[in-house]
2 protein chains.
Amino acid sequence: MDKQTVTIYDVAREADVSMATVSRVVNGNPNVKPATRKKVLDVIERLDYRPNAVARGLASKKTTTVGVIIPDVTNIYFSALARGIDDIAMMYKYNIILTNSDENGRKEVQVLNTLMAKQVDGIVFMGNDISDEVRKEFERAKTPIVLAGCVDDQDQMPSVNIDYTAAVEEATKNLIDHGNERVAFVSGSLDYPINRDYRLKGYKQALKKAGLRYDEKLVFETDYSYKAGQLLQPALQSVHATAAVIGDDELAAGVMNGVTDAGLSVPDDFEIITSNDTKLTEMVRPKMSSITQPLYDIGAVAMRLLTKLMNSEPVENKTVLLPYGLMKRASTH
Amino acid sequence: MDKQTVTIYDVAREADVSMATVSRVVNGNPNVKPATRKKVLDVIERLDYRPNAVARGLASKKTTTVGVIIPDVTNIYFSALARGIDDIAMMYKYNIILTNSDENGRKEVQVLNTLMAKQVDGIVFMGNDISDEVRKEFERAKTPIVLAGCVDDQDQMPSVNIDYTAAVEEATKNLIDHGNERVAFVSGSLDYPINRDYRLKGYKQALKKAGLRYDEKLVFETDYSYKAGQLLQPALQSVHATAAVIGDDELAAGVMNGVTDAGLSVPDDFEIITSNDTKLTEMVRPKMSSITQPLYDIGAVAMRLLTKLMNSEPVENKTVLLPYGLMKRASTH
DNA sequence: AATCAAATTGAAAACGTTTTCAACTTGATA
DNA sequence: TATCAAGTTGAAAACGTTTTCAATTTGATT
């Protein structure tokens with residue numbers, strides 16, 4: 001069935017050298033006499049020899065493949081990170097095994113095991129949360145792992161993020177400064193440390209500094225979906241919120257359209273700041289003000305960090321925080 | 001550096017059986033006495049043995065990995081397909097090596113070579129075009145390849161698509177029926193057969209059947225980006241177009257916002273039908289009418305087809321066309 | 001011409017599985 | 001009890017590379 005495949009042995013025979021020599025020229029090892037190199041190269045060309053990466057992986061214990069665990073490629077936020085990861089990976093000659101986890105702990109554990117079995121050289125993990133079981137897998141892994149856009153509240157794993165607390169605090173302050181006394185905090189599950197311990201903290205800090213009381217009713221916990229946002233409008237209305245900081249762009253688009261479709265005006269009746277600055281923010285009307293995050297860069301830097309770890313190069317800082325900003329668009333004054 | 005790894009040999013020794021037997025129980029081969037199976041399983045558990053997939057791949061010539069070439073994960077259309085691919089792949093115990101091609105022929109060829117070198121069991125290719133060089137790689141590949149959302153005008157490769165010609169014809173007819181005599185056709189590069197030979201053909205057919213003259217000025221060739229769409233408004237205006245069929249949702253969102261931002265009303269002054277029915281169509285205002293495509297399913301069916309090919313199962317139909325539809329939303333009357 | 005270090009090469013042992021084939025057990029049947 | 005088929009097992013040969021180490025060649029230096 002297979003067209004018979006050409007092996008290094010065939011090349012060695014035809015070129016009248018040893019396999020070792022062929023291996024050297026294939027791998028660009030300089031200790032080969034130019035004449036020999038040429039001779040081998042010619043045979044390689046003539047036979048159309050292609051090294052088998054699997055055999056190479058077995059012998060060298062390197063697969064030049066890294067695993068990437070992503071909640072959902074379909075999510076604009078994560079796919080932007082994924083793009084950054086892949087570009088840098090390619091730059092360093094790695095390939096990416098990409099798998100969707102749906103943030104499902106069982107699936108994550110299973111995928112991690114598969115990746116380790118496949119001997120990936122490293123792993124980039126994205127998600128909102130690190131379950132205990134997942135953490136256990138991380139610990140037993142003999143492969144470097146880097147988190148991207150995913151905080152580790154126990155500060156054990158290398159990770160690349162922005163300072164979510166400070167960013168949300170600034171966004172909230174901005175809304176308060178516009179005269180909003182009842183600013184809603186809309187996020188994904190508060191079971192996730194990134195929301196509970198980081199973002200919410202920033203929200204509270206802003207309130208406190210402004211002398212406003214923290215009101216639990218203004219905190220909305222939902223899932224990161226457009227639909228969920230749309231349905232939130234009545235609830236927001238009933239607690240007299242006049243603005244919201246929202247943890248995800250699709251969710252925010254939902255909220256905004258829910259508010260707009262209910263006949264209110266954004267930003268006159270309701271101001272919105274979202275969190276991820278994906279291109280969606282520019283596509284909706286009004287355009288959404290947002291915390292800006294260097295999405296692509298988070299992925300890129302995470303991958304770059306991973307390459308260092310894989311080479312056991314020294315790393316100055318295991319957890320890197322990239323700069324964030326606040327982009328004013330039409331959903332705020 | 002590696003924590004010493006447990007091999008099948010270690011298990012065999014500890015369980016006092018041969019490697020062959022361990023291999024059998026690991027692979028669920030039924031020809032093992034239950035008592036032996038238990039003994040081996042116990043040792044595996046005790047030693048925490050994990051089979052090395054690379055070695056397995058070398059010995060068995062199967063990697064349970066498939067390659068996926070995608071123009072850009074960040075594109076909502078393609079990421080939806082990718083999700084379908086990954087889900088079905090996982091269902092059949094395959095993993096996905098995902099690489100972005102940017103539709104760059106050179107990159108595509110290079111990636112194909114890498115994938116073949118890594119001995120993937122199959123490949124799913126997405127893109128708008130198959131360059132000659134890419135086609136040549138396809139031919140020399142000894143691995144099954146399936147196109148997803150990518151037509152093969154030479155009808156050689158297995159592929160999963162919708163009937164773009166019929167879909168565009170229907171969309172165009174719809175706009176004509178609404179009284180629009182000057183319907184623009186906005187698409188990506190006409191170098192791509194999918195646009196030149198399929199979509200444009202549908203557009204022309206609709207005009208012809210309606211007794212309208214084909215006017216080249218109404219055909220806009222641009223790239224698939226939001227920005228490009230936004231900038232198109234003046235040009236559309238200058239040729240007195242009152243409606244458009246658009247080949248990509250982000251592009252369409254750009255056009256719509258360009259038109260709206262110029263003070264015109266959609267759909268009163270300008271009607272729009274877009275092509276991919278991604279969730280973006282629901283997020284913009286007005287919501288966009290669209291040709292509907294079963295995006296996820298295109299990916300899923302392509303992957304399913306690939307599994308059959310990889311198993312050399314008989315395949316009834318190499319090129320499958322999934323049903324499309326027309327979803328009326330607020331950008332048309 | 002002899003010497004020695006550096007450059008170049010090859011033989012063979014990994015790497016960790018699967019798979020083939022022959023040998024050995026077992027238990028039922030005659 | 002002898003016979004035989006079916007059920008279990010193991011030895012060893014792949015799979016296609018990289019890598020180690022020793023052997024050989026080369027060329028400059030005395």
Side-chain angles (χ1 to χ4, degrees), chain A residues 1-41 43-44 47-65 114 116-121 142, chain B residues 1-41 43-44 47-65 114 116-121 142:
Chain A
M1 164 184 242
D2 263 6
K3 310 171 187 172
Q4 93 282 333
T5 118
V6 180
T7 75
I8 198 174
Y9 178 79
D10 299 317
V11 176
R13 179 171 33 75
E14 293 289 312
D16 197 27
V17 298
S18 72
M19 285 162 37
T21 299
V22 177
S23 177
R24 287 192 189 94
V25 349
V26 167
N27 293 296
N29 183 319
N31 297 339
V32 180
K33 195 157 54 164
T36 331
R37 178 186 312 281
K38 169 144 180 25
K39 187 171 60 172
V40 171
L41 248 18
V43 174
I44 286 179
L47 265 41
D48 190 28
Y49 165 69
R50 317 277 194 100
N52 178 324
V54 172
R56 206 198 287 242
L58 181 59
S60 69
K61 295 176 166 268
K62 296 210 177 310
T63 53
T64 62
T65 302
T114 309
M116 315 285 346
K118 294 208 169 172
Q119 314 293 120
V120 295
D121 297 334
K142 39 191 163 192
Chain B
M1 167 184 239
D2 265 3
K3 311 171 185 172
Q4 93 282 332
T5 118
V6 181
T7 75
I8 200 175
Y9 178 79
D10 299 317
V11 176
R13 180 171 32 74
E14 292 289 311
D16 198 27
V17 298
S18 72
M19 285 162 40
T21 299
V22 177
S23 177
R24 288 192 188 95
V25 349
V26 166
N27 292 298
N29 183 318
N31 298 339
V32 180
K33 197 157 53 166
T36 328
R37 178 187 310 281
K38 171 146 180 23
K39 189 171 59 171
V40 171
L41 249 17
V43 173
I44 285 178
L47 263 44
D48 192 26
Y49 165 70
R50 319 278 194 100
N52 178 324
V54 173
R56 205 198 287 243
L58 182 58
S60 69
K61 299 177 164 266
K62 297 211 175 311
T63 53
T64 63
T65 303
T114 310
M116 313 287 346
K118 294 207 169 173
Q119 314 294 122
V120 295
D121 296 333
K142 39 191 163 190

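Lettering follows sequence order; numbering is per chain, from 1.
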For DNA chain D, note the earliest and the latest nucleotide, 5' to 3', having some atom under 4.0 Å of a heavy atom belonging to chain B.
-> dT8(D) to dG16(D)

Report the C-alpha separation of V40(A) and V43(A) in whole Å, then their side-chain angles, then the decisive distance to 0.1 Å, and conclude whether the side chain to side chain contact (heavy atoms under 4.5 Å, CB included) test is met.
-> CA-CA 5 Å; V40(A) 171; V43(A) 174; 5.8 Å; no

Pair listing, side chain to side chain donor-acceptor pair (under 3.5 Å) test, anchored in residues 29-39 of chain B, at least two apart | K38(B)-D42(B)

Closest non-hydrogen contact found for E14(A) with L47(A) is CG-CD2, 3.8 Å

Position toward the 5' end of DNA chain D (nearest nucleotide), S60(B) or R56(A) = S60(B)

How about N27(B): does its CG atom have over 12 heavy atoms from other parts shown lying under 6.0 Å from it?
-> yes

Minimum heavy-atom separation for S23(B) to I8(B), with atom names?
-> N-CD1, 3.8 Å

Of K33(B) and L58(A), whose closest DNA chain C nucleotide lies nearer the 5' terminus?
-> L58(A)

When all nucleic acid strands are considered with a 4.0 Å heavy-atom cut-off, which category describes V26(A): base, sugar-phosphate, or nothing?
-> nothing

Sugar-phosphate only, base, or nothing, as touched by R37(B) at under 4.0 Å among non-hydrogen atoms = nothing

K38(A) has an atom NZ; how far is it from atom P of dT9(C), in whole Å?
-> 15 Å

Measure from CG on D16(A) to C1' on dT9(C) and round the result to the nearest Å.
-> 12 Å

Which part of the nucleic acid, if any, lies within contact of S23(A), taking any heavy atom under 4.0 Å across all strands shown: a base, the sugar-phosphate backbone alone, or nothing?
-> base

Identify, between V22(B) and V32(A), the residue whose nearest nucleotide on DNA chain C lies closer to the 5' end.
-> V32(A)

Pick the nucleotide of DNA chain D nearest each of A59(B) and T21(B); which residue has the one closer to the 5' end?
-> T21(B)

If you look at every strand shown and take non-hydrogen atoms under 4.0 Å, does V54(A) touch a base, only sugar-phosphate, or nothing?
-> nothing

State, to 0.1 Å, how close Y49(B) and V26(B) come at their nearest heavy-atom pair, and which atoms those are.
-> CE2-CG2, 4.0 Å

